[in-house]
Amino acid sequence: LFNAAALCHSGRVIARCYKSLLPTYDVFDEDRYFEPASAFAPMELHGHRLGVTICEDAWAEVEGLAARYHENPLAEVGPDTTDVLVNLSASPFTLNKLAFRPKLFAELAKKHRVSVVLVNQVGGNDELVFDGHAAVYDPRAELIAAGKGFTEDLVVVDVGIEGGHVAVSDPLLTAPQDELLFRALVLGVRDYCRKTGFKSVVLGLSGGIDSAVVAVIAAAALGRERVLGVSMPSRYSSEGSKSDARELAQRLGIGWQTVPIEGPLTAMLASLREPLADTSGVTEENLQARLRGTILMAFSNKLGHLLLTTGNKSEMAVGYCTLYGDMNGGMAVLSDVSKQWVYRLARWANSNPASVGLEPALSGPPIPEPSITKPPSAELRPNQTDQDTLPPYDVLDQILERYIEGRQSPGRIARETGFDAATVSRVVRMIDTSEYKRKQAAIGLKVTSVAFGSGRRMPIAQGWRGERNPG
């Protein structure tokens with residue numbers, strides 16, 4: 001079985017080519033399923049020589065990837081052997097890759113002195129989002145045509161003709177990263193719902209920034225009429241949080257319900273008072289989260305909505321979330337989006353309401369300002385804030401990025417950042433011991449180089465402690 005491409009003309013297959021380089025890192029596992037090509041040779045049609053490559057084949061010369069392979073499918077590509085180099089890709093979106101990929105293919109065109117055509121898949125597929133952004137480069141590395149990003153597009157361009165080219169670029173290629181991330185998440189939610197048969201979604205609205213951002217993404221992905229927000233206040237919910245949640249729903253024009261949890265919480269505490277004697281502390285906090293998760297699942301079951309969870313990557317990393325509570329749901333929209341990036345998404349949406357994608361367009365900021373500016377809190381006990389348990393998010397997120405995506409040791413992180421070594425070690429320990437929660441989490445959308453899930457396979461039952469790499 002091969003990962004293959006076919007050249008079709010006049011109703012018949014003229015030639016086939018097979019993928020040479022089969023990645024087995026991150027989310028890729030192709031060597032498990034496919035055989036590699038035995039040789040690379042251009043396809044010929046009407047005297048034109050088409051060098052057809054599939055995804056990874058065009059990345060063979062990238063520093064850091066070349067060492068993984070013993071061959072280079074591009075080794076013989078040049079004007080003497082190839083007229084046009086075509087790359088058929090299913091290249092998943094990540095923020096860093098979207099900036100790197102155009103440079104890669106422009107350099108390929110210049111180095112091998114041939115026109116290069118990149119065609120990339122568009123759409124969401126489980127946790128992966130494919131962003132499109134087809135592009136054509138001439139042998140001088142100049143962009144001569146470009147397809148749109150995050151939507152299907154058809155671009156017709158003549159290659160190999162001197163002069164007369166007008167560079168066409170998708171404005172999203174120069175858009176701020178905040179907008180690119182927002183578009184990717186919207187596409188991921190929309191296609192996941194479409195492909196799994198869900199036409200509507202439900203989520204809990206706490207008045208905080210995470211649920212607010214998820215609500216904006218969901219409304220943009222599916223339309224405001226297909227999104228239901230549920231407020232579930234408790235004895236610890238502030239009046240500001242309740243009013244912020246309600247105002248968010250009103251600004252977005254989404255559905256809105258309020259289901260207080262005080263009654264069920266009182267009954268649950270009374271039922272457990274005798275067998276447990278003491279239900280204070282984490283037990284009472286988790287009961288609140290699990291009551292909310294149960295209520296949201298009831299809406300999902302009864303109304304057929306997909307339940308979206310609203311936890312971010314920072315919380316998922318260190319286990320600041322409740323199994324069978326706020327982790328309940330079918331999709332974790334922000335599970336690969338750090339808290340700092342959540343703030344950036346919120347500010348982008350508020351600064352660009354007409355660009356969010358709702359019809360009719362929003363005329364003002366969708367997210368109430370207090371949801372962005374107030375100290376983040378789970379509001380499960382009096383005067384609680386996230387920083388009672390966690391370092392400040394600007395510190396936490398740097399540690400997470402270095403440890404998870406950069407694969408740096410705690411010692412190196414502490415040295416290079418100047419952060420307290422004990423704080424770094426504590427955060428790393430929280431990451432390692434929270435794997436059991438992540439294994440039971442809803443599927444999330446991958447938008448960074450390393451997301452929790454299939455791209456980061458870690459054991460739950462392991463006793464290793466301390467530095468994996470002292471350097």
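Just so you know, these numbers use all the heavy atoms, side chains as well, and skip hydrogens, waters and symmetry mates.
- A parallel orientation is assigned to the rings of F2 and Y18, their planes being inclined by less than 30° (bins at 30° and 60°).
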Would E107 and H112 count as a side-chain hydrogen bond (donor to acceptor under 3.5 Å, both in side chains) if you check the C-alpha gap in whole Å, the side-chain angles of each, and the deciding distance to 0.1 Å?
CA-CA 8 Å; E107 291 171 0; H112 294 277; over 6 Å; no
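- No hydrogens or angles considered: a donor-acceptor pair under 3.5 Å links the side chains of S314 and D397.
- Using modelled atom types and a 3.5 Å distance limit, the side chains of D394 and Q340 yield no donor-acceptor pair.
- With rounding to the nearest 0.5 Å, the separation of CZ in R251 from CG in D244 is 8.5 Å.
- Defined by atom type and a distance below 3.5 Å, a donor-acceptor pair is present between the side-chain atoms of Y393 and D386.
- Between D26 and the choices R407, K446, R456, the salt bridge (Lys or Arg N to Asp or Glu O under 4.0 Å) rule is met once, by K446.
- D326 and Y320 share no donor-acceptor pair across their side chains, judged by distance under 3.5 Å alone.
- Residues S91 and R101 bring a donor and an acceptor atom of their side chains to less than 3.5 Å of each other.
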Can V77 and F40 be said to form a side-chain contact (heavy atoms from CB on, under 4.5 Å), step by step?
CA-CA 10 Å; V77 172; F40 174 78; 3.7 Å; yes
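- For K437, the NZ atom is densely surrounded, since the number of other residues' heavy atoms within 6.0 Å is greater than 12.
- Between D420 and T423, the side chains place a donor N or O and an acceptor N or O closer than 3.5 Å (distance only, hydrogens not considered).
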Show me the side-chain donor-acceptor pairs of residues 357-369 shorter than 3.5 Å, one per line, residues at least two apart or across chains.
none

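- Using modelled atom types, one finds no donor on one side chain facing an acceptor on the other under 3.5 Å when comparing K97 with S449.
- Rounding to the nearest 0.5 angstrom, the gap separating the CG atom in L181 from the OG1 atom in T448 is 10.0 Å.
- Judged by distance alone, the side chains of T53 and N87 do bring a donor and an acceptor atom under 3.5 Å apart.
- At a cut-off of 3.5 Å, with distance as the only test, a side-chain donor of S200 or H305 sits close to an acceptor on the other residue.
- Taking each heavy atom of E127 and G444 in turn, the nearest pair found is CB-O, 2.8 Å.
- Note on ring orientation: taking the six-membered ring where Trp is involved, the planes of F105 and W59 are perpendicular (angle over 60°, cut-offs 30° and 60°).
- Remark: F198 engages C193, T196, L306 in a side-chain contact (heavy atoms from CB on, under 4.5 Å) (not counting sequence neighbours).
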